[in-house]
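Everything numeric here is computed off the predicted structure, so don't read it as measured data. Order of appearance sets the numbers: ligands from 1, and atoms from 1 within every ligand.
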Amino acid sequence: MKKNILITGGTGFVGQNLARLLIEKGFSVSILSRTKKSNQESLFYYCWDIEKGTMDEEAVLYADCIIHLAGENIAGKRWTKARKKAILDSRVVPVKLIKAVLKKYNKKLDAFITASGIGIYGAYNSSQVNIEDSPLANDFLGTVCQQWEAVADEVLPFATRIVKVRTGLVLGNGGFLNKLLPLFQWKLGSVIGSGNQYMPWIHIDDLCAIYLEAVTNEQMNGAYNAAIQDNTTNRVFSKTLAKVVGYKIWLPPVPAFLIRMFLGELAVIILAGQKVSSAKIEQLGFQFQYTDLEATLKDSV
Ligand SMILES: NC(=O)c1ccc[n+]([C@@H]2O[C@H](COP(=O)([O-])OP(=O)(O)OC[C@H]3O[C@@H](n4cnc5c(N)ncnc54)[C@H](OP(=O)(O)O)[C@@H]3O)[C@@H](O)[C@H]2O)c1
């Protein structure tokens, strides 16, 4: 019988690509969403209401493995107090709901796999390379990621393995790039702030392949950085994207104070960055297919 993989927030950029890959690899896929959608062949939709604390329990009961991607968009709007709460709650509360169902039916999963972010290491500009055991940050994103991972660990009595995918900036036909691209297509894209902030990235196909590995490879357990280990800074990224869409950056860098004025505290996600090591996932035998930024951007736009 086909193994069933449940993806929370599977309607988003990562989830849609991942569902396609898992179905292609012979899995049956279910999606847990806040809105009901019609089932398709090998793709089943279930609903939950996170605020009310209710869900279609079959979603969890039929799952062999759960991949938790649901979460309020981090970069969507300014980080007001209410927005910060929504960003955290939308990642933590759903796991508590899932755990309650697992406990109620004494159900055990092969694995509980959660998205996390490289923001767990903090937002600062340094060439220090963060490995999975590096100190974790206590700024807003660092705290969110730590609580996101900690609640996933609480599922352990009901899952053989817990895997945490600390994701860098995901490049592909969707997500962040879709928002940035129009600016560059109008030849108005430029370097942000000093341009020296690191921007660890990963192609959507490689990220989905890491999730597939997390489902199938029983050795995979704990936290893994999911980003290319290279020297991409914002300056490198902006110049390469401009080149890919056919121009040379002519505008001066956007001053950091302007970004802070418009975005408030959220500005940190584009004004600061950190380097991460990809050694741990590669030691498992995983090979990234996309390691060249220009080729990746060409493939994505
Ligand atoms: N894309 C990136 O560059 C990147 C980088 C690092 C980490 N990540 C993390 O990876 C995960 C997936 O990323 P993505 O790019 O696919 O995100 P996405 O496109 O924004 O999709 C996330 C999904 O989460 C659900 N969701 C949104 N707000 C929610 C809320 N308040 N409560 C519960 N569910 C909510 C939505 O599904 P429904 O509307 O169907 O409920 C949405 O489709 C996210 O947790 C994200 O933070 C992404």
We want to know whether N4 and S28 form a side-chain donor-acceptor pair, criterion being a heavy-atom distance below 3.5 angstrom. yes
Assess whether a salt bridge exists between E265 and R260, defined as any Lys/Arg side-chain N lying under 4.0 Å from an Asp/Glu carboxylate O. no
To which protein heavy atom is atom 23 (C) of ligand 1 closest, and what is the distance rounded to 0.1 Å? G9 O, 3.5 Å
Mind telling me whether F184 and Y247 have parallel, tilted or perpendicular rings, with 30° and 60° as the class edges? tilted
Kindly indicate whether a cation-pi arrangement holds for K280 with Y224, taking the cut-offs as under 6.0 Å to the six-membered ring centre and within 45° of the axis. yes
Min over L171, N73, T8 of heavy-atom distance to atom 20 (O) of ligand 1 lands on N73
Do K84 and F140 form a cation-pi contact, if we require the NZ or CZ to be under 6.0 Å from the six-membered ring centre and within 45 degrees of the ring's axis? yes
Which residue and atom name correspond to the protein heavy atom nearest atom 8 (N) of ligand 1, and how close is it? T167 CB, 4.5 Å
Tell me whether G168 reaches ligand 1 (any heavy atom closer than 4.0 angstrom to a ligand atom). yes
For atom 14 (P) of ligand 1, grab the closest protein heavy atom and report residue, atom and distance to one decimal in Å. V14 CG2, 3.8 Å
Using a strict cut-off of less than 4.0 Å between a Lys/Arg side-chain nitrogen and an Asp/Glu carboxylate oxygen, indicate whether K275 and D230 qualify as a salt bridge. no
Using a 4.0 Å heavy-atom threshold (strictly under), name the region of S116 that reaches ligand 1: side chain, backbone, both or neither. backbone
G117 to ligand 1: N or O pair under 3.5 Å? no
Where do W201 and T296 land on the side chain to side chain donor-acceptor pair (under 3.5 Å) test, with the steps shown first? CA-CA 10 Å; W201 57 271; T296 301; over 6 Å; no
Note the single closest protein heavy atom to atom 11 (C) of ligand 1, along with its residue, its atom name and the distance in Å. L69 O, 3.3 Å
Going by atom types only, do Q128 and Y121 share a side-chain donor-acceptor pair under 3.5 Å? no
In this structure, is the centre-to-centre distance between the rings of Y46 and F44 below 6.0 Å? no
Among G71, G12, P200, G174, which residue places a heavy atom closest to atom 25 (C) of ligand 1? G71
Using a plain distance cutoff, I'd like to know if F13 has any nitrogen or oxygen under 3.5 Å from a nitrogen or oxygen of ligand 1. yes
Would you call E72 and R91 a salt bridge, taking side-chain N to carboxylate O under 4.0 Å as the test? no
Is at least one protein non-hydrogen atom found at under 4.0 angstrom from atom 48 (C) of ligand 1? no
Tell me whether W148 reaches ligand 1 (any heavy atom closer than 4.0 angstrom to a ligand atom). yes
Side chain to side chain donor-acceptor pair (under 3.5 Å), paired with K164, selected from N225, D153, N221, T114: D153
Sub-4.0 Å heavy-atom contact, I50 with ligand 1: yes
Residues S116 and E149: side-chain donor-acceptor under 3.5 angstrom: yes
Of all the non-hydrogen atoms in the protein, which one sits nearest to atom 31 (N) of ligand 1, and at what distance? E72 OE1, 2.6 Å
Quick one: look up the protein heavy atom nearest atom 26 (N) of ligand 1 and list residue, atom name and how far away it is. R34 NH2, 3.4 Å
What atoms of ligand 1 come within less than 4.0 Å of a heavy atom belonging to S33? 38 (P), 40 (O), 41 (O)
Which atoms from ligand 1 have a heavy atom of S90 less than 4.0 Å away? 30 (C), 31 (N), 32 (N)
Protein residue, atom and distance nearest to atom 37 (O) of ligand 1, heavy-atom basis: T11 OG1, 3.0 Å
Region of A70 that comes within reach of ligand 1 [heavy atoms, distance under 4.0 Å]: both
Considering the heavy atoms of A115, write down every atom of ligand 1 situated less than 4.0 Å from one of them. 10 (O), 11 (C)
Side chain or backbone, does R91 bring an N or O within less than 3.5 Å of an N or O on ligand 1? yes
Is it the case that the side chains of W48 and T54 hold a donor-acceptor pair, with the cut-off being a distance below 3.5 Å and no angle test? no
Within the structure, does V170 bring an N/O atom to less than 3.5 angstrom of an N/O atom in ligand 1? yes
